[in-house]
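Quick notes on the structure that follows.
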Amino acid sequence: MQAKIDVRNPKKEGLINRTLVLVMENFGLDRRVAGAVMMLAGLLIFFACYWFFHSAPPKTIVITSGEKDSLYYAVAEKYARILARDGVRLINMPSAGSLENLRRLTDSSSRADIGFVQAGLAQGFETGGLVSLGSVSYQPLLVFHRLPRTVTRLSQLAGKRLAVGREGSGTRLLAMKLLTMNGIETGGGTTFLDWEGEQAAAALRRGEVEAVFFMADAAASGTMRSLLQTPGIQLVDFIQADGYVRRIGYLNKLTMPRGAMNFGEDIPGRDITLIGPTVELVARKDLHPALSDLLLAAATEIHGRPALFQNRGEFPAALENEYPLSDDARRFYKSGKTFLYRYLPFWLASLINRILVVFVPLIIILIPGLKSIPALFHWRMKLRINRMYRQLLLVEQQALRRISAAELAALTQRIDAIEAEVHRMKVPAAYGDQFYVLRTHINFVRSKLAETLSA
């Protein structure tokens, strides 16, 4: 009877078996343990490869912006041109404004990934799946009127015909909130019309309404500029702006400087105080971190310039309103782009970053793991061989004293039993030397017993 030593000819085996034999011989494992180790390593490598490709940033994202002739549709086009430099396609999806943008972002069936959303609209929406990448601009509320006197309080519009935007729009929601605070509500003597944009501007010029409410995402900039230059039409000067800002947390006090629209004609003829919320770049929580950095870098390039209502570098800003600032955005505002994305092309930085995130930890886990398995198996084999030696030592110690023929026969049977158990052991080739030394020592003890019997 001979022990089973796992030695195979790799040339006669398939690739898997050849690999299995190499693992057995190099790490001193039996076939079952080696197979388990290979299966575990294969699963880890498969998962790493899957995650490597799965974690790649998408090449196309969708932004929901505004009407095709609105400011934020034009801004989204700028984003698209900047992202195209790094091989990312940004699809600009027109919308009716902030409210529709928010509806799309909260609708799981919508294609929208990011969008411009006016602060103060989140009530009534399930926004748990959304995060903010920061505020990108102020959005002033412009209230144009054709009353013969200067209007500084919204309460002066009571009983008039007002174009406040269509039902459900961001403009209408803010307008009605402010009018209600001034005691002007539906059901009274004031007429509320759902006109907006150029339709509302034309109605104001013709005298069909006394005042119109505009916000940047709901009207073309040319429309608002033309109204400022139309004789008889003025802007409401919010002298109570500080009070509104205190009462409504997402509003800001803004100033349109004198002459800013037309220095030659001095339009407007004085500083005009306005109020308005900020516009946030809102994204779904699953937005890829690399795309978050790319979008915020584009936002810095686009919105960081000085403008009518902001200073250079004021936006984008880490301001939180209804949506929590994403962790990636927080990191960007503190330290900018990560090292790789700062100095390498986007595709190369993404590739290296995924290698560092996926394969380096895998190597760190696999190498100590593979090293520990042979150590455990070596310890197990050593225990088995030592157990045989303990039995041999007991037989030899008993054979050294004077024993009877019956005791000698019993000891010989124990030697035979030890040898039979050793022959049944499955020993990897790496432990062949210890196995043959053990068999030699069994024969040595057997010869000692034979000498005792002859004596």
Side-chain angles (χ1 to χ4, degrees), residues 57-58 61-67 70-73 75-76 79 90-141 165-178 180 215-218 244-245 247-252 275-296 298-299 303 315-334:
I61 54 174
V62 178
I63 184 170
T64 174
S65 54
E67 297 279 3
S70 70
L71 171 65
Y72 284 100
Y73 184 87
V75 168
Y79 275 84
L90 180 68
I91 298 175
N92 188 2
M93 187 188 301
S95 76
S98 288
L99 204 62
E100 185 174 3
N101 292 345
L102 185 56
R103 286 196 187 99
R104 286 174 176 173
L105 290 170
T106 54
D107 182 1
S108 59
S109 64
S110 169
R111 295 188 302 145
D113 300 299
I114 55 174
F116 299 115
V117 179
Q118 168 189 322
L121 302 182
Q123 187 174 0
F125 288 90
E126 178 51 57
T127 60
L130 302 182
V131 292
S132 172
L133 301 186
S135 296
V136 294
S137 68
Y138 294 117
Q139 182 159 277
L141 175 67
R166 71 185 181 287
E167 192 69 38
S169 67
T171 303
R172 189 183 185 103
L173 288 175
L174 180 57
M176 295 307 297
K177 184 178 184 70
L178 297 177
T180 299
M215 301 201 78
D217 71 336
Y244 284 117
V245 170
R247 290 280 299 275
I248 305 174
Y250 56 81
L251 290 182
N252 303 275
I275 56 174
T278 56
V279 174
E280 294 185 64
L281 187 57
V282 178
R284 290 181 173 170
K285 275 188 175 180
D286 58 359
L287 181 71
H288 196 283
L291 293 179
S292 174
D293 276 16
L294 210 58
L295 287 164
L296 284 169
H303 304 287
F315 290 103
L319 302 176
E320 287 186 325
N321 290 301
E322 295 98 335
Y323 321 98
L325 201 65
S326 76
D327 293 337
D328 297 311
R330 289 183 190 279
R331 188 255 310 147
F332 183 91
Y333 286 114
K334 287 181 180 178

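In this chain, residues are counted from 1 in sequence order.
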(request) Not counting sequence neighbours, which residues clear ring pair (Phe, Tyr, Trp, His ring centres under 6.0 Å) with Tyr79? List them please. (result) Phe116, His303
(message) Side chains of Val282 and Asn101, heavy atoms from C-beta outward: is any pair under 4.5 Å?
(response) no
(request) Please list, chain by chain and in numerical order, all residues satisfying side chain to side chain donor-acceptor pair (under 3.5 Å) with Asp327, sequence neighbours excluded. (result) none
(request) Please report the closest heavy-atom contact between Ser95 and Thr64, naming both atoms and the distance. (result) CB-OG1, 3.6 Å
(message) Using every non-hydrogen atom in the two residues, find where Pro316 and Leu296 come nearest and quote the distance to one decimal.
(response) CG-O, 4.4 Å
(request) To the nearest 0.5 angstrom, please state how far the CG atom of Leu71 sits from the CE atom of Met215. (result) 12.0 Å
(request) Quick one: pull up CG in Leu121 and CG in Leu174 and give me the separation to the nearest 0.5 Å. (result) 8.5 Å
(request) Please report the shortest heavy-atom distance between Ala112 and Arg104, naming the atom on each side. (result) CB-CB, 4.1 Å
(request) Kindly write out the residues that satisfy side chain to side chain donor-acceptor pair (under 3.5 Å) with Glu322, not counting sequence neighbours, or none if the list is empty. (result) none
(request) For residues Tyr323 and Thr127, report the shortest heavy-atom separation together with the two atoms involved. (result) CE2-CG2, 3.8 Å
(message) Working to the nearest 0.5 angstrom, can you tell me the gap between Glu280 CD and Leu319 CG?
(response) 7.5 Å
(request) Name all residues meeting the side chain to side chain donor-acceptor pair (under 3.5 Å) criterion together with Asn92; count only those two or more places apart in sequence or in a different chain, and write none if there are none. (result) Ser65, Glu77
(request) Go through the steps to decide whether Asp328 and Arg331 satisfy the test side-chain contact (heavy atoms from CB on, under 4.5 Å), and finish with yes or no. (result) CA-CA 5 Å; Asp328 297 311; Arg331 188 255 310 147; 4.0 Å; yes
(message) Just verifying a value: how many Å separate Leu251 CG and Leu141 CG, rounded to the nearest 0.5 Å?
(response) 8.5 Å
(request) Find out whether Leu130 and Leu102 are in side-chain contact, i.e. whether some heavy atom of one side chain is under 4.5 Å from a heavy atom of the other. (result) yes
(message) For the CD1 atom of Ile61 and the CG atom of Leu90, what is their distance to the nearest 0.5 Å?
(response) 5.0 Å
(request) Give me the one residue out of Ile275, Thr278, Val279 that meets side chain to side chain contact (heavy atoms under 4.5 Å, CB included) with Tyr138. (result) Thr278
(request) Would you check, one step at a time, whether the test side-chain contact (heavy atoms from CB on, under 4.5 Å) holds for Gln123 with Leu173? (result) CA-CA 11 Å; Gln123 187 174 0; Leu173 288 175; over 6 Å; no
(request) Apply side chain to side chain donor-acceptor pair (under 3.5 Å) to Arg330 and list each qualifying residue two or more places apart in sequence or on a separate chain. (result) Glu320
(message) Using the rule side chain to side chain contact (heavy atoms under 4.5 Å, CB included), only one of Leu325, Leu295, Leu133, Asp293 pairs with Phe332; which is it?
(response) Asp293
(request) Check whether the side chains of Ser137 and Tyr72 place a donor and an acceptor atom closer than 3.5 Å, and report yes or no. (result) yes
(message) Arg172: which residues meet the side chain to side chain contact (heavy atoms under 4.5 Å, CB included) condition with it, sequence neighbours left out?
(response) Val164, Glu167, Ser169, Met176, Phe192, Asp194
(message) Between Val136 and Val75, does the side-chain contact (heavy atoms from CB on, under 4.5 Å) criterion hold? Intermediate values first, please.
(response) CA-CA 11 Å; Val136 294; Val75 168; over 6 Å; no
(request) Grab the two heavy atoms, one from Leu105 and one from Gly115, that are nearest each other, plus how far apart they are. (result) CD1-N, 4.0 Å
(request) Verify side-chain contact (heavy atoms from CB on, under 4.5 Å) between Lys285 and Val131, making sure each step is shown before the conclusion. (result) CA-CA 6 Å; Lys285 275 188 175 180; Val131 292; 3.6 Å; yes
(message) Do Arg284 and Ser110 make a side-chain contact, defined as non-hydrogen atoms from C-beta onward lying under 4.5 Å apart?
(response) yes
(request) Mind listing the closest non-hydrogen atom pair of Pro277 and Gln118 along with its distance? (result) CG-CG, 3.5 Å
